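Numbers for residues simply follow the sequence, beginning at 1. Keep in mind the model is a prediction, meaning the values are calculated, not measured.
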Amino acid sequence: MTENVGQQLTQIGQGRLPGHMGIVFTDAGDGWIEAEMPVRPEIMTAHGYLHAASVIALADTACGFGCMRSLPEGAQSFTTIELKSNYLGTARDGVVQTRAELQHGGRMTQVWDAVVTHQETGKKMALFRCTQMILYPRG
């Protein structure tokens with residue numbers, strides 16, 4: 001992915017949840033996308049660990065942007081109809097990153113998997129899966 005594409009994807013999230021979370025897109029290709037997010041006090045629990053909802057926001061954002069890049073011809077948009085996450089660990093500092101990959105690219109649905117890791121240690125933090133319903137213009 002060119003730097004310009006990463007900047008464009010990151011810019012789309014500005015003023016919305018991805019921008020608030022500090023999510024930056026780092027690479028993308030056919031059926032996959034990568035993003036990262038710095039661990040900051042604003043997205044942590046009162047106990048000093050990365051909030052589970054922050055991990056979901058990163059993974060779901062990557063899957064959603066990947067879905068938008070992979071829409072079938074004639075499709076207008078998508079909406080998430082199911083998501084699941086298994087947590088394997090957490091972080092207190094550094095950067096968390098995710099790689100989302102298209103598992104099923106149908107005309108009516110897409111299924112995406114994402115793995116969230118702690119950049120500094122390389123440890124997996126979460127396994128995430130979501131199903132997207134593809135939306136077409138009415139009429």
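Heavy-atom minimum distance, I23 versus A35: CG2-CB, 4.1 Å. The minimum heavy-atom distance linking M44 with V39 is given by the pair SD-CG1, 3.9 Å. Here the closest non-hydrogen pair linking H20 and R40 is O-NH2, 3.1 Å.
Formation of a donor-acceptor pair under 3.5 Å by the S85 side chain with backbone atoms of I56 is not found in this model.
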Intermediate values then yes/no, side chain to side chain contact (heavy atoms under 4.5 Å, CB included), R92 and Y49
CA-CA 5 Å; R92 299 182 96 167; Y49 294 98; 3.6 Å; yes
Please determine whether side chain to side chain donor-acceptor pair (under 3.5 Å) holds for the pair Q132 and T80, giving the CA-CA distance in whole Å, both sets of side-chain angles, and the decisive distance to 0.1 Å.
CA-CA 4 Å; Q132 314 290 14; T80 302; 2.8 Å; yes
Side chain to side chain contact (heavy atoms under 4.5 Å, CB included) evaluation trace for T98 with V115
CA-CA 5 Å; T98 191; V115 176; 5.6 Å; no
Could you go step by step and tell me if F128 and L83 meet the side chain to side chain contact (heavy atoms under 4.5 Å, CB included) rule?
CA-CA 7 Å; F128 178 88; L83 61 83; 4.0 Å; yes
Just do the side chain to side chain contact (heavy atoms under 4.5 Å, CB included) check on Q97 and T26 with the steps written out, would you?
CA-CA 9 Å; Q97 49 195 179; T26 57; over 6 Å; no
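F78 and M133 sit in two unconnected hydrophobic clusters of ILVMFWY residues. Membership requires side-chain heavy atoms under 4.5 Å apart, directly or through other members. When the side chains of ILVMFWY residues are joined at heavy-atom separations under 4.5 Å, either directly or via intervening members, Y87 and L50 end up in a single hydrophobic cluster. If you chain together hydrophobic residues whose side chains sit under 4.5 Å apart, I81 and M108 never meet in one group. Linking Ile, Leu, Val, Met, Phe, Trp and Tyr residues whenever their side-chain heavy atoms come within less than 4.5 Å leaves V24 and V96 in two separate clusters.
Inter-residue side-chain proximity for Y136 and R107 is flagged as met; some heavy-atom pair is nearer than 4.5 Å. Two residues are said to be in side-chain contact when any heavy atoms from C-beta on lie closer than 4.5 Å; S77 and M68 meet this criterion. Counting only heavy atoms from C-beta outward, the side chains of D93 and H118 approach each other to under 4.5 Å. Counting heavy atoms from C-beta on, the side chains of P72 and I134 come closer than 4.5 Å.
Applying the 6.0 Å contact sphere to CZ of R16 captures no more than 12 heavy atoms from other residues, nucleotides or ligands. For CD of E82, the number of neighbouring non-hydrogen atoms (other residues, nucleotides, ligands) closer than 6.0 Å is 12 at most. In this structure, D30 places its CG atom where only 12 or fewer heavy-atom neighbours from other residues, nucleotides or ligands lie under 6.0 Å away.
The side chain to side chain contact (heavy atoms under 4.5 Å, CB included) with I33 is formed by just one residue from the set D27, L9, T61; it is L9. Applying side chain to side chain contact (heavy atoms under 4.5 Å, CB included) to M37 and the options V95, V55, I43, V116 leaves one that passes, I43.
Looking only at atom types and distance, the side chain of Q110 has a donor-acceptor partner in the side chain of W112 under 3.5 Å away.
Taken from NZ in K84 to OG1 in T131, the straight-line distance is 12.0 Å, to the nearest 0.5 Å. In this structure, CZ in R138 is found 10.0 Å from CD in Q76, a value given to the nearest 0.5 Å.
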